[in-house]
Amino acid sequence: MINESKIIKMIDDAKNSNKCKFKQAVEIIIVFKDVDAKKGFTIKDIIQLPNKKDNPSSICVFASGEMGLKANNAKADNVIDANQLSELSSDKKKIKKFINKYDFFLADTKLMPIIGKNLGQFLGPRGKMPTPIPFNASIESILSKFQSSIRIKTSGSSALSCKIGNENMPNEELASNAFTIINAVEKKLPNGDKNIKKILVKTTMGEVIQ
């Protein structure tokens, strides 16, 4: 299996393959073998990365009252209360645009039935149903966890691509993020790392490095 020094070298080569004026994302691509994507093989998971990206994942919180206030104070990207939720539910075009704007959704458990009824048909297929916030939980801690998390999904493909950070992050931190994802994926595979054919690294506009 790929080792740390090898993936650090791949990350460095990927960074140097194409210099751009904008900050590029760094991605890993995991190619599978001996699994059949056409026969139901799929991987869906949320993984917390050990090293935070420069652009944290965007999070919207469905909450009213005290929990809504705490979410605002914790600097959630957006907080939607019960009244706003009802207004949003009446416009399908607005719903789709709204859902695409955020990486993750969290919700007060009291609002989950309303969310499921009014937004479930839009959130469910995108794998974005809100994570319930337990009573008296630390919203700051939950937000911090999801801000440093990514969502992975194979979508019926024999390969998985996901961001591990940005090119201005140290190679060692990017490698640590990469191995966190690789280890999580291995646990989802029938035969672990034996089902991984190869691992590739690239930046947004750069060459694929293997």
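What you see is a predicted model, and the numbers here were worked out from it, not measured in a lab.
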With distance as the sole test, does Asn191 use its side chain to make a donor-acceptor pair with the main-chain N or O of Lys194 at under 3.5 Å? no
Check whether any side-chain heavy atom of Ile196 sits under 4.5 Å from a side-chain heavy atom of Lys33, and report yes or no. no
Glu186 side, atom CD; Ile43 side, atom CD1 - distance, nearest 0.5 Å: 10.5 Å
Phe32 and Phe41: aromatic ring centres closer than 6.0 Å? yes
Is there a chain of hydrophobic side chains (I, L, V, M, F, W, Y, each step under 4.5 Å between heavy atoms) that links Ile95 to Val79? no
Taking all non-hydrogen atoms of both residues, which atom of Leu85 and which atom of Ile80 are closest, and how far apart? N-CG2, 3.6 Å
Contact check, side chains of Ile133 and Ile142, non-hydrogen atoms, under 4.5 Å: yes
Is there a side-chain contact between Val35 and Ser158, using heavy atoms and a 4.5 Å cut-off? no
Nearest heavy-atom neighbours spanning Ala71 and Leu143: O-CD1, 4.3 Å
Say whether, by atom type as modelled, one donor and one acceptor occur between the side chain of Asp81 and the main chain of Asn83 under 3.5 angstrom. yes
Would you indicate whether the side-chain heavy atoms of Asn51 and Leu174 approach each other to under 4.5 Å? no
Can you tell me if Glu167 uses its side chain to pair, donor with acceptor, with the backbone of Gln24 under 3.5 Å? yes
Residues Ile29 and Ser161: closest non-hydrogen pair is CG1-OG, 4.0 Å
Side-chain heavy atoms of Lys52 within contact of Ser144, under 4.5 Å: yes
Has the side chain of Lys128 got a donor or acceptor atom that lies under 3.5 Å from a matching backbone atom of Ile99? yes
For Met112 and Pro130 the tightest heavy-atom approach is CE-O, 3.7 Å
Single-linkage hydrophobic cluster, 4.5 Å side-chain cutoff, Leu111 and Ile139 together: no
Derivation and outcome, side chain to side chain donor-acceptor pair (under 3.5 Å), residues Asn171 and Lys9: CA-CA 8 Å; Asn171 293 346; Lys9 175 71 164 54; over 6 Å; no
What pair of heavy atoms forms the shortest contact from Ile47 to Ile181, and how long is it? CD1-CA, 4.2 Å
Could you tell me whether the side chain of Lys202 and the main chain of Thr204 form a donor-acceptor pair under 3.5 Å? yes
Find out whether Asn18 and Glu207 are in side-chain contact, i.e. whether some heavy atom of one side chain is under 4.5 Å from a heavy atom of the other. no
Report yes or no: does Asn78 contribute a side-chain atom to a donor-acceptor pair with the main-chain N or O of Cys60 at less than 3.5 Å? no
Give a yes or no on whether Glu140 atom CD has more than 12 heavy-atom contacts from other residues, nucleotides or ligands under 6.0 Å away. yes
Whether Asp12 side chain and Ile8 backbone form a donor-acceptor pair below 3.5 Å: no
Looking only at side-chain N and O atoms, does Asn166 offer a donor or acceptor that is under 3.5 Å from a partner on Asn55? yes
Do you know the tightest heavy-atom contact between Ile150 and Phe104? C-CZ, 3.9 Å
Check: Gly127 main-chain N/O paired with Arg151 side-chain donor or acceptor under 3.5 Å: yes
Is the closest side-chain heavy-atom distance between Lys44 and Thr42 below 4.5 Å? yes
May I ask you to decide if Ala25's main-chain N or O and Thr203's side chain share a donor-acceptor pair within less than 3.5 Å? no
As an exercise, state the distance from CD1 of Ile199 to NZ of Lys197, rounded to the nearest 0.5 Å. 13.5 Å
Give the intermediate values and the outcome of ring pair (Phe, Tyr, Trp, His ring centres under 6.0 Å) for residues Tyr102 and Phe146. CA-CA 11 Å; Tyr102 302 101; Phe146 279 92; over 10 Å; no
Residues, nucleotides or ligands: over 12 heavy atoms within 6.0 Å of Phe135 CZ: no
If you define the side chain from C-beta out and look only at heavy atoms, does anything of Met10 sit under 4.5 Å from Lys15? no
Quick one: do Ser149 and Ser57 satisfy side chain to side chain donor-acceptor pair (under 3.5 Å)? Show the steps, please. CA-CA 7 Å; Ser149 296; Ser57 297; over 6 Å; no
May I ask you to decide if Ala82's main-chain N or O and Ser64's side chain share a donor-acceptor pair within less than 3.5 Å? yes
Go through the steps to decide whether Ser58 and Asp77 satisfy the test side chain to side chain donor-acceptor pair (under 3.5 Å), and finish with yes or no. CA-CA 6 Å; Ser58 55; Asp77 293 280; 5.1 Å; no
Transitive ILVMFWY side-chain link Leu106 to Phe98, under 4.5 Å: no
Yes or no on side-chain contact (heavy atoms from CB on, under 4.5 Å) for Ile182 and Ile7, after CA distance, side-chain angles and deciding distance? CA-CA 11 Å; Ile182 293 166; Ile7 202 159; 4.1 Å; yes
Lys110 NZ: over 12 foreign heavy atoms closer than 6.0 Å: no
